[in-house]
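Heads up, the thing below is written out as structure tokens.
So that the names make sense, note that chain A is the first sequence line, chain B the second, and so on, each numbered from 1.
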2 protein chains.
Amino acid sequence: MKKPPPITDSEWSIMKVLWKKQPLTSTQIATQTKSHPQTIKTFLSRLVKKKAIGYEKTGRSFYYRTLFSEKECQRHESRSFLNRVFGGSLRPMISHLVEDESLSQREIQELKALLNKTSRGGKE
Amino acid sequence: MKKPPPITDSEWSIMKVLWKKQPLTSTQIATQTKSHPQTIKTFLSRLVKKKAIGYEKTGRSFYYRTLFSEKECQRHESRSFLNRVFGGSLRPMISHLVEDESLSQREIQELKALLNKTSRGGKE
DNA sequence: ATACATAGTCTACAACCGTAGACATAAAGC
DNA sequence: GCTTTATGTCTACGGTTGTAGACTATGTAT
């Protein structure tokens, strides 16, 4: 499976819209994001060029569609973020987040449950 | 407390070196990072200009020093990353990381311990 | 004092990013 | 068939980023 290309901030906002509902035309995206249509078109071209999205032409309309799942892209971004800010190691990052951003009791319970579930899958 | 300015990838690598040992001269940093000295100097100027670091001139040498702790910067970066990629919510992100990046048994244990400790401090 | 070395400042430059105008093309309605 | 309208493509432009050469100023050694 190919890995997703780098996606900039503004491009992410477009990807997000598409992940919610696909496929969409440039006009539909512009309406939803309340952005200048021309700007959206530029971002769409760039995303197409870097093969983050594709499109099908049906009659007069171009329908855009992502070529990667949100999860794939999140995974990828997390990786590079991790490398940049936390030197690549996950644990310090999670520690930091957990310590720093106060989580509610409920969230903590959920995370613990998650960790229990993962226990079986984790590699030793 | 002022918030840290945006720091680019390359600049992070300099900050990292400084956080490990401060203060340092540009030459020392260039040596450690094995980068072209001129490039380091540029980054240092930019970091000074955006007030991420400061320096003291002692005799012939300029000693650079960070103006923010690593934790502060990590916090800041985590925030913007979170907003961009996970729509600002922490839990999905941690879930994603925990599910996706396989953690060792040991790491899982450590995280659980961390969560227990945090229980008391977390807000309800 | 004079020359050498060191370290900051100015300048540059290509690539990328956010933003968007101008232009072309093609479908659709009249 | 011709005009309107929608939609992609080309071009642009200022700002940032990574990279680094050239110039300058100032200690340092002789």
query: Side-chain donor or acceptor of A:Arg46 under 3.5 Å from a matching atom on the base of D:dT9?
result: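 Counting by modelled atom types and ignoring angles, no donor-acceptor contact under 3.5 Å is found here.
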
Output yes when [X] and [Y] qualify as a salt bridge under the 4.0 Å nitrogen-oxygen rule, no when they do not.
X       : Y       : answer
B:Arg84 : A:Glu77 : yes
A:Glu72 : A:Lys3  : no
A:Glu70 : A:Lys16 : no

Where do [X] and [Y] come nearest, in terms of heavy atoms and distance?
X       : Y       : value
B:Ile40 : B:Ser26 : CG2-O, 3.9 Å
A:Phe68 : A:Lys51 : CE1-O, 3.4 Å
A:Phe81 : A:Met93 : CE2-CE, 3.1 Å

query: Using a heavy-atom distance cut-off of less than 4.0 Å, which residues of residues 21-44 of chain B contact DNA chain C?
result: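 Nucleic-acid contacts, sorted: B:Ser26, B:Thr27, B:Gln38, B:Lys41.
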
message: Counting only heavy atoms and a strict 4.0 angstrom limit, can you tell me which residues of residues 3-14 of chain A come near DNA chain C?
response: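 A:Thr8, A:Asp9, A:Ser10 - these, ordered by number, are the residues of the stretch whose heavy atoms sit under 4.0 Å from the strand.
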
message: Measuring from atom CD1 of A:Ile53 to atom CZ of A:Arg65, what distance do you get when rounded to the nearest 0.5 angstrom?
response: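 With rounding to 0.5 Å, CD1 (A:Ile53) is 11.5 Å from CZ (A:Arg65).
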
task: Find the distance A:Glu56:CD to D:dT7:P and express it as a whole number of Å.
output: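 These atoms are roughly 15 Å apart.
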
message: Using whole Å, what does the distance between atom P of nucleotide C:dT6 and atom OH of B:Tyr63 come to?
response: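 Rounded to whole Å, this separation is 14 Å.
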
message: Taking side chain to side chain contact (heavy atoms under 4.5 Å, CB included) as the criterion, tell me which of B:Leu18, B:Leu47, B:Ile14 meets it with B:Thr66.
response: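 Among the candidates, only B:Leu18 passes.
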
- prompt: With a cut-off of 6.0 Å (strictly less than), are more than 12 heavy atoms of other residues, nucleotides or ligands near NZ of B:Lys71?
  reply: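 Yes, enclosed.
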
Between the protein and nucleotides 25-30 of chain D, are there any N/O to N/O pairs under 3.5 Å, and if so, what are the atom names and distances?
none

- prompt: Are the aromatic ring centres of B:Tyr63 and B:Tyr55 under 6.0 angstrom apart?
  reply: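 B:Tyr63 vs B:Tyr55: aromatic centres not under 6.0 Å.
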
- request: Under 4.0 Å between any heavy atoms, over every strand shown, what does A:Tyr64 touch: base, sugar-phosphate, or nothing? Just pick one.
  value: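 Sugar-phosphate, no base atom in range.
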
